[in-house]
Amino acid sequence: MVRGVNFSHQQPVIAITSGEPSGIGPDICLDLAGADLPVRIVVLGDKQLLEQRAALLGKHIFIQSYQRDTQPKKGMLEVCHIPVQVPVRAGLLDVHNADYVLQLLNRAYAGIEQGEFAAMVTAPVHKGIINDSGIPFSGHTEYLAAKSDTPLVVMMLAGGGLKVALATTHLPLRKVADALTAELLTEVLIILHRDLQHKFGLSQPRILVAGLNPHAGENGHLGHEENTIITPVIKKLQQQNMQVSGPFPADTLFQPFMLKEADAVLAMYHDQGLPVLKYASFGEGVNITLGLPFIRTSVDHGTALDLAGTGKASSGSLFAAVSSAIEMCHRSKFE
Ligand SMILES: NC(=O)C1=CN([C@@H]2O[C@H](COP(=O)(O)OP(=O)(O)OC[C@H]3O[C@@H](n4cnc5c(N)ncnc54)[C@H](O)[C@@H]3O)[C@@H](O)[C@H]2O)C=CC1
Ligand SMILES: NCC(=O)COP(=O)(O)O
């Protein structure tokens with residue numbers, strides 16, 4: 001069970017999982033050292049790995065071991081040490097460190113459960129290498145939903161003035177249409193509506209829903225899901241006073257004249273919504289898991305193995321994810 005966040009007199013503590021050790025996660029986490037933030041930041045990861053990566057990048061960073069009841073010294077990067085299983089080389093995945101990546105998430109989740117951490121911000125993981133290690137893993141979104149016994153969560157990315165949520169997440173395209181049921185869509189829209197209210201302070205959120213098929217099914221001539229599933233769900237939720245409209249053809253939905261009427265768009269699948277968002281704001285966007293009983297935000301990019309240890313990785317999205325988590329913490333404090 002996730003306990004409420006204790007904001008009583010101390011600054012909230014936000015856990016940052018440093019992600020795949022051979023990717024850019026450690027690099028961008030180092031940029032948090034000395035950042036002037038209204039919260040206490042704790043990076044979860046291998047202390048030696050972070051020191052080595054700092055040396056590789058030519059950064060002079062002072063790392064302090066995290067102790068829950070000891071306030072950090074100014075300018076220090078607080079690190080909750082979790083050891084890697086095998087030595088790490090920047091840019092080179094190693095299947096033997098897959099379990100380490102999950103240990104970071106488990107430690108962050110345990111801290112959330114106990115009220116130690118107010119929120120979790122995640123640096124990128126490599127889904128493929130975790131699966132190669134024999135552990136089925138679709139993404140943080142699904143992993144954290146399972147860990148917290150949450151039957152359904154919704155992935156939403158925000159950036160460039162857009163908010164794009166997804167009805168389905170990490171699913172092969174072949175399986176998307178079968179997954180789209182009236183029950184799923186109803187639940188997703190209710191979670192999206194509720195979290196836009198609670199996490200973003202939008203009292204009456206306006207949601208535009210994309211169709212699944214080209215031209216939103218062209219009156220049933222190019223697919224039936226709009227007529228049989230999406231439209232009936234929208235009508236039902238409209239009767240419950242939710243400001244939901246559509247289904248709109250996805251190819252013209254992401255136009256300023258449409259978006260100015262909306263707070264968020266619900267896309268039917270990963271690559272229908274996210275390319276638009278990433279075109280608008282890659283490197284500055286935030287991934288938020290809606291529907292969880294705690295706050296989790298993440299970067300909008302992946303492990304960028306090609307950039308690890310080069311100094312070319314931008315930490316803009318990590319800072320945006322931290323800012324977004326801070327805003328949500330404060331909003332939850334006053335609710
Ligand atoms: N939140 C997460 O844990 C996410 C993890 N991934 C995982 O990352 C792995 C690699 O995915 P890709 O599709 O290659 O996407 P990617 O985002 O890692 O890389 C795409 C391109 O963007 C560049 N790039 C990425 N982040 C950057 C940054 N911070 N600064 C500057 N340039 C940056 C990379 O160098 C590359 O050219 C996959 O295993 C995927 O599952 C992908 C997205 C999110
Ligand atoms: N494209 C977004 C993505 O893959 C992030 O997934 P998750 O690890 O946050 O579930």
Side-chain angles (χ1 to χ4, degrees), residues 13-33 41-57 59 61 63-68 77-114 116-117 119-148 170 287 289 294 296-299 301-310 313 315 317-318 321-322:
V13 185
I14 296 189
I16 318 282
T17 57
S18 52
E20 165 54 44
S22 66
I24 60 170
D27 310 37
I28 58 175
C29 284
L30 290 168
D31 284 351
L32 293 166
I41 293 288
V42 177
V43 172
L44 276 52
D46 184 298
K47 190 163 170 274
Q48 212 182 6
L49 157 71
L50 288 159
E51 283 165 350
Q52 284 165 352
R53 194 63 59 85
L56 187 61
L57 293 168
K59 290 184 172 177
I61 284 166
I63 292 180
Q64 178 177 337
S65 293
Y66 166 67
Q67 284 175 306
R68 188 174 178 177
L77 183 68
E78 264 197 287
V79 174
C80 173
H81 176 63
I82 294 164
V84 287
Q85 277 133 340
V86 292
V88 176
R89 284 175 61 196
L92 286 181
L93 293 166
D94 191 321
V95 77
H96 297 105
N97 276 327
D99 188 56
Y100 159 80
V101 172
L102 298 182
Q103 282 182 39
L104 304 181
L105 298 179
N106 296 343
R107 174 65 182 89
Y109 180 71
I112 294 264
E113 259 191 320
Q114 289 154 19
E116 175 186 8
F117 301 137
M120 174 189 314
V121 176
T122 58
V125 302
H126 196 282
K127 300 167 184 62
I129 200 74
I130 300 175
N131 283 284
D132 289 347
S133 80
I135 306 168
F137 182 88
S138 313
H140 290 94
T141 307
E142 298 83 353
Y143 187 78
L144 295 172
K147 223 161 163 62
S148 58
H170 295 119
N287 175 357
T289 312
F294 60 93
R296 180 259 170 167
T297 66
S298 187
V299 293
H301 56 79
T303 48
L305 297 172
D306 52 327
L307 301 186
T310 66
S315 49
S317 176
L318 181 66
V322 171

With a 3.5 Å cut-off and sequence neighbours excluded, list the donor-acceptor pairs that the side chains of residues 42-52 form with protein atoms.
unit_1, atom_1, unit_2, atom_2, d
Asp46, OD1, Gln48, N, 2.9
Asp46, OD1, Leu49, N, 2.9
Asp46, OD2, Val84, N, 2.8

Looking at every non-hydrogen atom in both residues, tell me the closest pair between [X] and [Y] and how far apart they are.
| X | Y | answer |
| --- | --- | --- |
| Ala313 | Ile28 | CB-CG2, 4.2 Å |
| Tyr100 | Gly19 | CE2-O, 4.1 Å |
| Ile24 | Ala304 | CG2-O, 3.4 Å |
| Ile130 | Ala98 | CA-CB, 3.9 Å |
| Asn97 | Val86 | ND2-O, 2.9 Å |
| Ala108 | Phe117 | O-CD1, 3.6 Å |

Test of understanding: with salt bridge (charged side-chain N to carboxylate O under 4.0 Å, His left out), list the residues that count as partners of Glu142, not counting sequence neighbours. none
Could you pull out all residues at least two apart from Asp94 that satisfy salt bridge (charged side-chain N to carboxylate O under 4.0 Å, His left out)? none
State which residues pass side chain to side chain contact (heavy atoms under 4.5 Å, CB included) with [X]; sequence neighbours excluded, sorted by chain then number.
| X | value |
| --- | --- |
| Ser317 | Val299, Asp300, His301 |
| Leu56 | Arg53, Ala90 |
| Thr303 | Glu20, Pro124, His126, Leu305 |

Without swapping roles, check the side chain of Thr297 against the backbone of Ala321 for a donor-acceptor pair under 3.5 Å. yes
So, the side chain of Thr122 versus the backbone of Ser298: is there a donor-acceptor pair under 3.5 Å, distance only? no
Could you tell me the separation between the [atom1] atom of [X] and the [atom2] atom of [Y], rounded to the nearest 0.5 Å?
| X | Y | atom1 | atom2 | result |
| --- | --- | --- | --- | --- |
| Ile16 | Leu104 | CD1 | CG | 12.0 Å |
| Ser65 | Leu77 | OG | CG | 10.5 Å |
| Leu105 | Ile82 | CG | CD1 | 9.5 Å |
| Ser22 | Leu92 | OG | CG | 7.0 Å |

What pairs meet the salt bridge (Lys or Arg N to Asp or Glu O under 4.0 Å) rule with one or both residues in residues 101-111, with sequence neighbours excluded? Arg107-Glu116
Considering residues at least two apart in sequence or located in another chain, which fulfil the ring pair (Phe, Tyr, Trp, His ring centres under 6.0 Å) criterion with [X]?
| X | answer |
| --- | --- |
| Tyr66 | none |
| Phe137 | Tyr143 |
| His96 | none |

Please determine whether side chain to side chain contact (heavy atoms under 4.5 Å, CB included) holds for the pair Met120 and Leu144, giving the CA-CA distance in whole Å, both sets of side-chain angles, and the decisive distance to 0.1 Å. CA-CA 11 Å; Met120 174 189 314; Leu144 295 172; 3.8 Å; yes
Apply side chain to side chain donor-acceptor pair (under 3.5 Å) to Asp99 and list each qualifying residue two or more places apart in sequence or on a separate chain. Gln85, Gln103
Count the heavy atoms of every other residue, nucleotide or ligand shown that sit under 6.0 Å from CZ of Arg68, and state whether that count exceeds 12. yes
Does Tyr109 have its ring centroid less than 6.0 Å away from the ring centroid of Phe294? yes
